[in-house]
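Following: one structure in structure tokens, then a few remarks.
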Amino acid sequence: MPLAIAPNIRIILIGTTHPGNIGSAARAMKVMGLSRLVLVSPKHFPSGEATALASNADDILKNAQVVETFAEAIQGCGLVLGTTAHARSLPWPTLDLKGAAQKAVAEVGEHDIALVFGREKTGLHNEEVERCHHIVTIPTSEEYTSLNLAQAVQLMMYEIRLHALEAMNTPSMPEQAPRDWHPEPPEKMEIFFARLEKALLHVGFLNPAQPKRLMQRLRRLFLRARPDENELNILNGIASALLDATPKHTQASSTPTPSTPSTTKEPE
Ligand code: SAH
């Protein structure tokens, strides 16, 4: 779902050379619920390559605003955050990705926000950085600090989404438990444990002289699984089938098989 704040956040790409990066950036935006793309003097746009890489985010490309200058792109914005891989000779107020997303989400109700990304080869020029309130640097290996443009956009969009959802008190993932899943209550589990214990004694897997902690471990295992009604029916069915089985020691042939323990197998 698009974020409610999406119309107030502009993702600005300056002088993009590879149209594929524009398409990938659009896709990165859409999957995180952002939509407002502004392109400053892109080298090739519109472009089939951009559309191909945008995949289902081609609506973002169709609605993208193309302008000639950075000044036009940031017109009316109350907060301009410029992303850059490296520190500047004149140190500029810097935020990390998380800090930048927090700030953008906190201020978006007040004014439009600009998130600015530079050229593939030369990044943001100094005169562009000098129009930004803060620069944002994504921490990387010191050896190689420069991310692909669309990947930098993706990371920024992800952080914005996380903070926007947090601000709305919405979990970033829907509840994992299926709606129709109800774990069986303790009294039903106890009936199963009693039957299981009886069954394990019956088949000789649980040695009453040396029970070790087999039943405790099995209780822990099944309580961790929190079976629902169907699952517990299956488990009860297995225990009943074991109870119906002929105990091993009364069978005609009593050749021991290596997989069947004669004493309760359990680590000390
Ligand atoms: N050689 C260029 C790299 C440009 S990469 C330079 O030195 O700036 C294209 C764009 O991706 C950058 O302008 C910036 O907007 C973004 N980007 C890449 N790596 C980044 C990083 N580590 N932190 C923040 N933004 C980054």
Side-chain angles (χ1 to χ4, degrees), residues 6 9-32 34-45 47 49-50 53-54 57 60-61 64-75 77 79-105 107-108 112-164:
I9 299 190
R10 298 179 207 174
I11 287 77
I12 302 174
L13 308 186
I14 301 185
T16 312
T17 315
H18 298 294
N21 277 334
I22 299 178
S24 298
R27 182 174 185 170
M29 290 167 60
K30 187 158 180 172
V31 290
M32 295 297 150
L34 287 134
S35 56
R36 194 162 167 198
L37 179 62
V38 182
L39 303 171
V40 181
S41 300
K43 193 140 189 219
H44 306 284
F45 190 80
S47 130
E49 204 182 334
L53 279 148
I60 291 191
L61 296 183
Q65 189 187 350
V66 182
V67 297
E68 271 184 27
T69 63
F70 183 41
E72 288 169 77
I74 57 174
Q75 201 169 12
C77 287
L79 178 67
V80 181
L81 303 176
T83 55
T84 173
H86 54 90
R88 301 290 159 157
S89 51
L90 176 64
W92 212 252
T94 303
L95 291 168
D96 64 10
L97 207 49
K98 199 169 161 188
Q102 242 159 10
K103 196 164 181 59
V105 169
E107 293 190 20
V108 71
D112 275 12
I113 312 284
L115 304 174
V116 188
F117 296 85
R119 300 154 189 85
E120 289 93 334
K121 281 227 163 68
T122 53
L124 291 180
H125 296 164
N126 283 342
E127 57 274 22
E128 288 150 359
V129 167
E130 286 158 20
R131 286 175 184 251
C132 293
H133 296 106
H134 297 268
I135 56 172
V136 183
T137 298
I138 300 166
T140 57
S141 150
E142 286 114 43
E143 246 173 277
Y144 191 19
T145 60
S146 174
L147 281 119
N148 161 269
L149 168 62
Q151 289 173 353
V153 172
Q154 181 74 80
L155 291 176
M156 186 81 225
M157 299 302 98
Y158 173 65
E159 242 1 282
I160 294 277
R161 182 171 187 84
L162 284 192
H163 284 85

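Remember, it's 1-based here, ligands and their atoms both numbered in the order they're listed. Count residues from 1 along the sequence.
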Q. At a non-hydrogen distance cut-off of under 4.0 Å, which region of E120 contacts ligand 1 (side chain, backbone, both, or neither)?
A. backbone

Q: Measure A152 to ligand 1 on non-hydrogen atoms and call it side chain, backbone, both or neither using the 4.0 Å cut-off.
A: side chain

Q: Compare every heavy atom of E128 with every heavy atom of F70, then report the nearest pair and how far apart it is.
A: CE2-O, 3.6 Å

Numbering the atoms of ligand 1 from 1, which are under 4.0 Å from a heavy atom of [X]?
X: F117; result: 15 (O)
X: V136; result: 24 (C)
X: A85; result: 19 (N), 20 (C), 21 (C), 22 (N), 23 (N)
X: H86; result: 6 (C), 7 (O), 8 (O)

Q: Check each of L155, T145, L97, T83 against atom 15 (O) of ligand 1 and report the one with the nearest heavy atom.
A: T83

Q: Pick, from E128, R119, Q151, the option with the minimum heavy-atom distance to atom 4 (C) of ligand 1.
A: R119

Among all protein non-hydrogen atoms, which one is nearest to [atom], and what is the separation to 0.1 Å?
atom: atom 3 (C) of ligand 1; result: S146 OG, 3.2 Å
atom: atom 23 (N) of ligand 1; result: I138 N, 2.8 Å
atom: atom 5 (S) of ligand 1; result: L147 O, 3.5 Å

Q) Does atom CZ of F45 have more than 12 heavy-atom neighbours, drawn from other residues, nucleotides or ligands, at distances under 6.0 Å? A) yes

Q: To the nearest 0.5 angstrom, please state how far the NE2 atom of H134 sits from the CG atom of L79.
A: 6.0 Å

Q: Could you tell me whether the side chain of T69 reaches within less than 4.5 Å of the side chain of V67, counting heavy atoms only?
A: no

Q | Side chain proximity check, M157 to K30, heavy atoms < 4.5 angstrom | A | no

Q. Is there a donor-acceptor pair closer than 3.5 Å between any side-chain N or O of T83 and the backbone N or O of V116?
A. yes

Q | Backbone of E68 reached by a side-chain donor or acceptor of S41 within 3.5 Å | A | yes

Q: Determine whether any heavy atom of K121 lies closer than 4.0 Å to an atom of ligand 1.
A: yes

Q: Output yes when the distance from some N or O of ligand 1 to some N or O of G118 is under 3.5 Å, and no in every other case.
A: yes

Q. Would one find an N or O of T140, backbone or side chain, under 3.5 Å from an N or O of ligand 1?
A. no

